[in-house]
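Here is how names work: the chains are called A, B, and so on, in the same order as the sequence lines, proteins then strands, and each is numbered from 1.
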Number of protein chains: 2
Amino acid sequence: MANATTDGGRLGHEELGWTLGVLLRHYQDEVGQVLADVPQGHRGFQVLASVVHGDQRSQLALAGHLGIDRTVMTYVVDDLVTAGLVERQVDAADRRQRRLVATTTGRQRLAQLERDVRAAEDRALSSLASEDRTTLRHLLAAAACAIRQIEPVRDPCEAVEGALQRG
Amino acid sequence: MANATTDGGRLGHEELGWTLGVLLRHYQDEVGQVLADVPQGHRGFQVLASVVHGDQRSQLALAGHLGIDRTVMTYVVDDLVTAGLVERQVDAADRRQRRLVATTTGRQRLAQLERDVRAAEDRALSSLASEDRTTLRHLLAAAACAIRQIEPVRDPCEAVEGALQRG
DNA sequence: TATTGTTATACTCTATAACTATA
DNA sequence: TATAGTTATAGAGTATAACAATA
């Protein structure tokens with residue numbers, strides 16, 4: 001018999017554009033309050049997080065990772081620098097590139113922000129059971145990492161402990 | 001030991017803002033091509049779909065459902081009307097409201113578009129195994145429906161067959 | 001000549017305000 | 001007085017183009 005998965009037909013409330021849109025708006029409402037005082041809000045938080053976690057090696061790489069334009073990245077970083085959360089360093093190996101490094105203040109600020117953001121995320125997904133939230137997070141991470149061609153993290157514990165050792 | 005689910009700490013690639021953002025952009029790239037000729041693109045498609053499926057009873061309700069401003073809704077509907085896909089009808093019970101109804105052309109157009117969009121969605125999630133795609137769709141739908149306070153569909157087959165009978 | 005980052009500018013998208021008509 | 005829809009306008013956000021520094 002026809003079903004929503006195989007008939008290729010009517011999508012209704014499973015249409016990805018709608019579900020992703022609803023979820024992202026709701027997420028931004030919840031998280032927006034937490035990040036109200038962060039320079040450039042959610043963008044600033046994402047840049048700071050990537051810098052602290054050391055994901056990317058230049059502003060351009062960071063822009064690609066976060067899906068924003070390099071001209072936008074400039075003033076997002078400007079504001080983070082002004083706020084004393086990150087610093088620009090010229091890459092010695094390629095002096096065109098700027099390596100972004102977090103200040104002590106930036107790392108401390110991020111640690112608290114990530115706790116608050118995580119709590120806001122859980123509020124945004126509060127309608128789901130705890131195990132469903134975890135499943136959703138993992139599937140979203142797997143899909144997003146595949147799209148960005150990043151090796152997905154198999155074991156979240158490992159990754160976190162790695163981060164703790166680095167930090 | 002610390003883990004990503006309970007320590008409330010570092011988020012990395014499980015941060016919802018990033019995963020939802022990556023996925024939505026990728027989705028828009030894929031689906032954007034399919035909807036290039038639809039008036040107002042993805043917005044126009046979503047409005048047309050809601051009209052055909054009879055979800056909402058006025059432009060304002062529709063705007064809330066899709067998370068867009070009522071002033072935007074006006075010209076999205078304008079373009080769909082111009083394209084002959086939907087019609088505005090004054091609601092007899094409240095003459096301030098406009099009931100949107102799909103034309104025959106609009107219904108036929110949507111049927112084909114939904115097949116194409118579904119295919120594009122599957123391409124966007126092609127890195128996930130089939131059963132993981134289904135799980136992700138259901139969890140996203142459950143979360144989004146809860147946020148919008150819509151009764152989530154328990155059995156997708158039922159919903160589709162209901163739609164088929166109505167259509 | 002190509003790339004990174006910056007600046008200035010133009011464009012697009014969205015929200016605000018004011019208006020009409022209905023209730 | 002309040003609400004649905006429309007229109008015009010202003011604002012925010014984004015992309016485009018031109019430039020400097022470096023490869």
Problem - Hydrophobic cluster identity match, B/L60 and B/L62, side-chain contacts under 4.5 Å - result: no
Problem - Test item: A/R107 side-chain N/O and A/A102 main-chain N/O as donor-acceptor pair under 3.5 Å - result: yes
Problem - Distance, rounded to the nearest Å, where A/D94 contributes CG and D/dT22 contributes P - result: 11 Å
Problem - Touch class at under 4.0 angstrom, heavy-atom based, for B/R43 against every strand present - result: sugar-phosphate
Handout entry: Short side-chain N/O contact to C/dT6 OP1/OP2 from A/R88, under 4.0 Å
Key = yes
Practice task
Indicate yes or no for a side-chain donor-acceptor contact from A/R70 to the backbone of A/A63 under 3.5 Å, with no hydrogens or angles considered.
Solution key: no
Practice task
Mind telling me whether A/H13 and B/H65 have parallel, tilted or perpendicular rings, with 30° and 60° as the class edges?
Solution key: tilted
Handout entry: Atom pair distance, as rounded to whole Å: CZ in B/R95 and P in D/dG5
Key = 13 Å
Exercise for the section: Output, in order, the C-alpha distance, side-chain angles, deciding distance and verdict of side-chain contact (heavy atoms from CB on, under 4.5 Å) for A/D79 and A/R43. Expected result: CA-CA 11 Å; A/D79 288 4; A/R43 285 275 170 78; over 6 Å; no
Practice task
Assign A/T71 to base, sugar-phosphate, or nothing according to its heavy-atom contacts below 4.0 angstrom with the strands shown.
Solution key: base
Handout entry: Spacing of B/R25 atom CZ relative to D/dT14 atom P, expressed in whole Å
Key = 10 Å
Handout entry: Distance, rounded to the nearest Å, where A/Q40 contributes CD and D/dA12 contributes C1'
Key = 11 Å
Practice task
Tell me which of A/D91 and A/G67 sits closer to the 5' end of DNA chain D, going by the nucleotide each one is nearest to.
Solution key: A/G67
Exercise for the section: Identify whether any heavy atom of A/T74 sits under 4.0 Å from a base atom; if not, whether one sits that close to sugar-phosphate; answer base, sugar-phosphate or nothing. Expected result: base
Completion exercise
From OH of A/Y75 across to P of D/dG13 the rounded distance in Å is 8 Å
Problem - Length of the CG-C1' vector between B/L62 and D/dT6, whole Å - result: 16 Å
Problem - Name of the residue among A/L125, A/L136, A/D122 meeting side chain to side chain contact (heavy atoms under 4.5 Å, CB included) with B/L16 - result: A/L125
Fill in the blank from the handout: Checking A/R88, A/Q97, A/R99, A/R98 against A/Q59 for side-chain hydrogen bond (donor to acceptor under 3.5 Å, both in side chains), the one that qualifies is A/R88
Look for any protein N or O under 3.5 Å of an N or O in nucleotides 1-3 of chain C and output each such pair with its distance, or none.
from, atom 1, to, atom 2, distance (Å)
C/dT3, O4', A/R96, NH1, 3.3
C/dT3, O2, A/R96, NH1, 3.2

Handout entry: Length of the CD-C1' vector between B/Q56 and D/dA4, whole Å
Key = 15 Å
Practice task
Answer with base, sugar-phosphate or nothing: what part of the nucleic acid does A/D69 contact at a heavy-atom distance below 4.0 Å?
Solution key: base
Completion exercise
Assert: residue with more 5' nearest nucleotide on DNA chain D, out of A/A92 and A/V72, is A/V72
Exercise for the section: Could you check how far CD of B/Q59 sits from P of D/dT3, rounded to whole Å? Expected result: 18 Å
